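Source: prediction; values computed, not measured. These numbers come from the heavy atoms of this one structure, side chains and all, not from hydrogens, waters or symmetry mates. Order of appearance sets the numbers: ligands from 1, and atoms from 1 within every ligand.
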Amino acid sequence: MYDIIVLGGGPAGLTAGLYGARAKLKTLVIEKGIEGGQISNTTEVDNYPGIEKINGTDLAVTMRKQCENFGAEFSYDEVVEVDLKGDIKKIRTANESYESKTVIIASGQEPRKIGCPGEEEFVGKGISYCATCDAAFYEGLDVYVIGGGDAAIDEALFISKFAKNIYVVHRRDELRASKSLQERALANKKFHFIWDSVVEEIRGDKTAKELVLRNIKTNEVTEIKKDEPFGIFVFIGYLPETEIFKGQVEMQKGYIPTDEEMRTNLKGVFAAGDLRVKSVRQVVTAASDGAIAAVTAEKYIAEKEGHLYQGFKEESEA
Ligand code: NAP
């Protein structure tokens, strides 16, 4: 029986794991991929206080080690079923079954898909959602980046270290990305912009060979074909990874509402990070959520078991 099971090993989950284990609670973090979540696909994090600049993977690995140093356990496994309504929370993964007094949901978000014909077929064969993973394959080649937000421009800047040309395909005639990212992109000679355009279809055989774009103002369709291979990187936002909790945890458009202490509608179930209903989704806010969720879980267990919450004891002794 665990005190806390954290579902997800991104910044929110890793911070929850750190705070849970540091409070000497038996804590397990379950992560289906590698630790870090979205930051593991980020080349440079430069807005986490106290660290001027760090590679996303390095930050995630440090967070995981910090958790482990305090005694948190890790399982790299996929959660396939949860039963969160009872007093004892039950979690089944592909390989194990676990029980816990509390659960912190921190499974984050996954990339939004374009949803056009050919997209699914060519994932990993010309279409990518991860610059860190795949940019190097396009050394000296052209790359089309779909999207106009921070992620699209940030990742496009990274890809430009490898690619010959970057074509940013955006559905509006101006970028949503922050001014500083925009300035860097506009100053980069490799960048070209295809405004007011969406992807209609991706065609190919073994790999993607043709990108069909439609101008949404003129309805003009352009078929892009090249002699050389080219890449298509999609960064059009993210969707919460909460499907498995449907019917148990209350949601709003797939996102989980919580109070300020990260409580969900279910007793003993907390949520932290990007899958919460909130306005700012950054590493620092995810970490903050994780810390709060773990402290609230600790208080919940203490109240339920009739012993003193250790945080209060430390505070009153100090
Ligand atoms: P985002 O800010 O929501 O931007 C998504 C972009 O994709 C928008 O430009 C949007 O167009 C476009 N889009 C959405 N659906 C589309 C569709 N079906 N077809 C074509 N285009 C579509 O998401 P994000 O860029 O992934 O960023 C997510 C969060 O992470 C943000 O809070 C962001 O600030 C943060 N982030 C920050 C950094 C950084 O600070 N360096 C880096 C990465 C991410 P419209 O503009 O027309 O809506």
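- Taking atom 42 (C) of ligand 1 as the reference point, the nearest protein heavy-atom neighbour is D154 OD2, 3.5 Å.
- Taken together through direct or relayed side-chain contacts under 4.5 Å among Ile, Leu, Val, Met, Phe, Trp and Tyr, L186 and V168 form part of one hydrophobic cluster.
- If you number the atoms of ligand 1 from 1 as listed, the ones under 4.0 Å from a heavy atom of R172 come out as 45 (P), 46 (O), 47 (O).
- In summary, the side chains of Q109 and Y255 do present a donor paired with an acceptor at a separation below 3.5 Å, with no hydrogens or angles considered.
- Side chains of Y129 and E110: no donor on one and acceptor on the other come within 3.5 Å.
- Contact atoms of ligand 1 toward Y238: 26 (O) (distance under 4.0 Å to a heavy atom of the residue).
- The protein heavy atom nearest to atom 38 (C) of ligand 1 is D150 CB, 3.6 Å.
- In this structure, Q282 counts as a contact residue of ligand 1, since one of its heavy atoms falls inside 4.0 Å of the ligand.
- Protein heavy atom closest to atom 23 (O) of ligand 1, with residue, atom name and distance, is G237 CA, 3.7 Å.
- Here the protein heavy atom with the shortest distance to atom 2 (O) of ligand 1 is R176 CD, 3.5 Å.
- With respect to E298, the side-chain contact (heavy atoms from CB on, under 4.5 Å) criterion is satisfied by exactly one of I4, L25, T102: L25.
- Partners of Y238 under the side-chain hydrogen bond (donor to acceptor under 3.5 Å, both in side chains) rule, at least two apart in sequence or in another chain, do not exist in this structure.
- Using a non-hydrogen distance threshold of 4.0 Å, Q38 does not register as a contact of ligand 1.
- The heavy atom nearest to atom 14 (C) of ligand 1, out of those in D173, L175, I236, is found in I236.
- In this structure, atom 33 (C) of ligand 1 has protein heavy atoms in its sub-4.0 angstrom surroundings.
- For the atom pair CD of E223 and CZ of R203, the computed distance is 4.5 Å after rounding to the nearest 0.5 Å.
- D205 is linked by a side-chain hydrogen bond (donor to acceptor under 3.5 Å, both in side chains) to K209, counting only residues two or more places apart in sequence or in another chain.
- With hydrogens and angles left out, the side-chain atoms of N215 and D196 include no donor and acceptor closer than 3.5 Å.
- Among protein heavy atoms, the minimum distance from atom 10 (C) of ligand 1 is reached at R171 NH2, 3.8 Å.
- Compare S180, G149, A151, A177 by their heavy atoms: the one nearest to atom 24 (P) of ligand 1 is in A151.
- Summary of contacts: the protein heavy atom closest to atom 29 (C) of ligand 1 is R281 O, 4.5 Å.
- Figure legend: K89 and Y2 shown without cation-pi pairing, the cationic atom not lying both under 6.0 angstrom from the six-membered ring centre and within 45 degrees of its axis.
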